[in-house]
Every structure is written in structure tokens, then in C-alpha cells.
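Shown next, in C-alpha cells, is the structure this report addresses.
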Amino acid sequence: MRALILGGTSDAGRLADAIARARMDAIYSYAGRTQDPAAQALPTRIGGFGGMSGLADFIRRERISHVIDATHPFAAEMSRNAVAACAATGTALIALERPPWTRISGDNWIDVADIGAAVAALPEQPACVFLAIGRQHLAPFSVKPQHAYTLRLVDPPDRPLPLPRTDLIVSRGPFTLADDRELMRSRDIGYVVARNAGGSGARAKLDAARELGLPVIMIARPDLPERLRVDSIDDVLAWLGHDARLGA
Ligand code: NAP
């Protein structure tokens, strides 16, 4: 058994810890997006594989028997490549995927299918907008330059931002309710734009928006091909053949 973890999330880091404790043979893979990626408890590689065929070559070369897709739920290209490369090489695949957030009483969510629909859902009259969507999908919002956008990014941007009026916060989660309430109050935020990532590290903005009665434009997860999915690290370990109840 030799596993490949497609990582880049806090869940993937916790999985790497558990696999290392279980003394299983595994490699952790980062895309290489952040400047200072967290050290992992497993041998680590960084950078794209070169599409589906590059990943299939890597799987064969490294004699990978099990692939665990623990990428962010919006990392759709990597997830699609994993499905195709595992099918092409006859490799077992599982996705470690946090459940999406669901609305609770008091939430004022506007559900949209994608980034384009999120842009369309913003009003025409100027507003202060908290764009909590990372740095890769900012450009579509440039068609609504009348808004003042607050951005929160993990790293300082390495090129000019595509939006004219931005207030940039560089910070790595997890974020607390008090942090996000203060962020929204102090900037007079009128709309929050979020992607339905799930998990606890980025959920505070939803709780703060509810408290402040703010609408959240909630972008749905991308559609992905069918694959085996679990939401707990113990389930991944069991799938790998290690009984988590035995301890590490
Ligand atoms: P993406 O659009 O699905 O992936 C684009 C390309 O990046 C992939 O085709 C692949 O390149 C490479 N890549 C992605 N994840 C990789 C990994 N774990 N190891 C090696 N190469 C990888 O993904 P994305 O949205 O740009 O996200 C990039 C990474 O950041 C992911 O690993 C994800 O877990 C992490 N992340 C993303 C978000 C987010 O908001 N999307 C949030 C937190 C963390 P090749 O085709 O060359 O193999």
C-alpha cells in the first residue's frame, strides 16, 4: 500500500498526521499556491502534475495504490483529474470531503450556482462587499466597480488586484466570530460573498453575517464526477486498511 494525498487543506494536514502516526507509506501533494505551506508529517511534493496524464504517470512511477483527494471542495480541476487518472491506472480513489454548510434560522442566504451568478446577485447601487472567496476569482467582480470590496487573502497578492476599490486583509484562518463581526461592522459591510466550503475554520463569517442581519451570497460547490466520499479521517484510515480504533 502506498498512498497519495492530494492536499492543501487543514483536513488534509490532519489526515497526513494520522497516516504518519499509523506508519503507513504515503506522499503528500501541494499545488504550490501559498508562499509558506505548512510542513507535513509525510514526505511532501509541491507543484502541479501536468494534468490528468501527468497525474497518471506520477501514480505509475511512484507505485501509488490509493489516492485520497483531500483538496478544497472548489478545487474541481484537481478532483476531476484524480477521478480520470485513477480510472486510467486502476487506482483506488476516495475523497475526504467536509459536508457543505446548511442555512439555519436567521440566515439570509442568496444561493447562486457560480461566480458569475454571484456577481449578478450584487446590487447596482454601491455597497460595501466582503468577498470571502480567495484570490483566484476576483476578476469577474470588476464589472461592478461601484462597490467597495473587502478581501481577505492568505498571502499578499503578487500582481495588481483586478478591482478598483479594495480593502485588503492578509490573514490565514481559522477566524473567530469576534474577528468577523468586527471586520463587518468596522467596514460597514452590506453583503458577504462566500463559497460553500463547509468546515469550521471559515464558518465564523456566516455566524457574524447572521448576527448582523446581512445577506450572504452563497456560491454552490462545483459538480464533480461520482467517487467514493467520506467526511472523517477515521473512515479514510479504515478504507486504507487501518483500524483507527486500534490507535497508532
Ligand atoms: P484546481 O483549480 O482544482 O487545480 C488547478 C491545478 O492545480 C490542478 O489541475 C493541478 O495542476 C494543480 N493542483 C491542485 N491541487 C493540487 C495538489 N494538491 N497537488 C498538486 N497539484 C495540484 O485547484 P485550486 O482551486 O487552484 O486549488 C489549488 C490548491 O489549493 C488545492 O490543492 C486546494 O486543496 C488548495 N485550496 C484551494 C482553495 C480554494 O478556494 N479553491 C482553498 C484552500 C485550499 P496539474 O493539472 O498540473 O496537475
Side-chain angles (χ1 to χ4, degrees), residues 3-16 19 26-40 42-62 64 66-86 88-89 91 93-98 100-101 114-115 118 130-141 151-155 157-159 170-175 192-203 205 217-225 227 229 231 233 236:
L4 170 65
I5 301 176
L6 302 171
T9 60
S10 52
D11 291 339
R14 283 190 281 277
L15 175 66
I19 287 183
I27 303 174
Y28 185 100
S29 177
Y30 271 123
R33 291 280 191 279
T34 54
Q35 287 168 10
D36 187 19
Q40 298 297 335
L42 293 172
T44 299
R45 65 165 301 285
I46 300 182
F49 296 97
M52 186 293 257
S53 59
L55 176 57
D57 289 346
F58 182 90
I59 288 171
R60 289 191 194 98
R61 192 170 62 245
E62 294 290 332
I64 301 294
H66 293 68
V67 174
I68 304 143
D69 180 357
T71 57
H72 190 271
F74 282 78
E77 194 178 343
M78 186 71 258
S79 294
R80 290 190 185 112
N81 288 347
V83 170
C86 287
T89 57
T91 309
L93 170 69
I94 198 168
L96 173 61
E97 192 178 281
R98 333 162 188 165
W101 293 314
D114 52 29
I115 293 277
F130 179 25
L131 268 191
I133 58 168
R135 77 181 151 159
Q136 289 189 69
H137 305 286
L138 300 175
F141 290 88
L151 312 176
R152 185 163 60 191
L153 306 180
V154 174
D155 292 313
D158 52 7
R159 66 198 72 166
V170 177
S171 180
R172 194 186 283 254
F175 305 104
V192 177
V193 181
R195 298 186 302 176
N196 198 334
S200 56
R203 147 121 260 117
K205 59 180 174 275
I217 298 172
M218 182 63 82
I219 303 169
R221 292 181 177 188
D223 286 333
L224 291 174
R227 65 230 163 114
R229 285 183 300 170
D231 63 12
I233 286 170
V236 177

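FYI, side chains are in, hydrogens and waters are out, and symmetry mates aren't considered; it's all heavy atoms of this structure. Just so it is clear, the model here is predicted, and its values are computed rather than measured. In listed order, ligands and their atoms are each counted from 1.
Remark: minimum distance from atom 17 (C) of ligand 1 to any protein heavy atom is reached at Ala31 N, 3.5 Å. Atom 40 (O) of ligand 1 has as its closest protein heavy atom Arg195 NH2, 2.1 Å. The protein atom (non-hydrogen) at minimum distance from atom 47 (O) of ligand 1 is Gly50 N, 2.9 Å.
With a heavy-atom cut-off of 4.0 Å, Arg45 touches ligand 1 through its side chain alone. Counting heavy atoms closer than 4.0 Å to ligand 1, residue His72 contributes atoms from both its backbone and its side chain. At a heavy-atom distance under 4.0 Å, only backbone atoms of Ala76 (N, CA, C or O) approach ligand 1.
Looking only at side-chain heavy atoms (C-beta outward), Asp231 and Arg98 stay at 4.5 Å or farther from each other. Within the 4.5 Å cutoff, side-chain heavy atoms of Phe74 are placed close to those of Pro222. Counting heavy atoms from C-beta on, the side chains of Ile5 and Ile19 come closer than 4.5 Å. Residues Tyr28 and Ile46 fail the side-chain proximity criterion, which asks for heavy atoms closer than 4.5 Å. Within the 4.5 Å cutoff, no side-chain heavy atoms of Arg33 are placed close to those of Val154. Under the 4.5 Å side-chain criterion, counting only non-hydrogen atoms from C-beta, Phe130 is in contact with Lys205. Within the 4.5 Å cutoff, side-chain heavy atoms of Leu224 are placed close to those of Arg80. Between Phe58 and Ser29, every side-chain heavy-atom pair lies at or beyond the 4.5 Å cut-off.
Put simply, no part of Met52 is less than 4.0 Å from ligand 1, judged by heavy atoms. By the 4.0 Å heavy-atom criterion, Gly47 is counted among the residues contacting ligand 1. For Asn81, the closest heavy-atom approach to ligand 1 falls below 4.0 Å. Using a non-hydrogen distance threshold of 4.0 Å, Gly7 registers as a contact of ligand 1. Ligand 1 is never approached by Gly54 to a heavy-atom distance shorter than 4.0 Å. Distances shorter than 4.0 angstrom do not occur between any heavy atom of Arg80 and any atom of ligand 1.
Applying the 6.0 Å contact sphere to CG of Asp158 captures more than 12 heavy atoms from other residues, nucleotides or ligands. Within a 6.0 Å radius of CZ in Arg45, other residues, nucleotides and ligands contribute more than 12 heavy atoms.
Heavy-atom proximity to Gly51, at under 4.0 Å, picks out these atoms of ligand 1: 45 (P), 46 (O), 47 (O), 48 (O). Residue-ligand proximity, Ala75 to ligand 1, at heavy-atom distances under 4.0 Å covers atoms 1 (P), 3 (O), 23 (O), 25 (O), 27 (O), 33 (C). Near Thr71, meaning under 4.0 Å from any of its heavy atoms, are these atoms of ligand 1: 32 (O), 34 (O).
Distances from atom 18 (N) of ligand 1 to the heavy atoms of Ser29, Ala82, Ala12, Gly8 put Ser29 nearest. In the candidate list Arg33, Gln136, Arg135, Met78, Arg33 is nearest to atom 5 (C) of ligand 1, counting heavy atoms. Considering only non-hydrogen atoms, atom 11 (O) of ligand 1 lies nearest to Gly48 out of Ala197, Gly201, Pro37, Gly48. Comparing heavy-atom distances from atom 48 (O) of ligand 1 across Phe49, Tyr28, Phe58 singles out Phe49 as nearest.
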Determine, step by step, whether Thr34 and Asp155 satisfy the side chain to side chain donor-acceptor pair (under 3.5 Å) criterion, reporting the C-alpha distance in whole Å, the side-chain angles of both residues, the deciding distance to 0.1 Å, and the verdict. CA-CA 7 Å; Thr34 54; Asp155 292 313; 4.9 Å; no

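With 3.5 Å as the limit, one finds no donor-acceptor pair spanning the side chains of Asp11 and Thr9.
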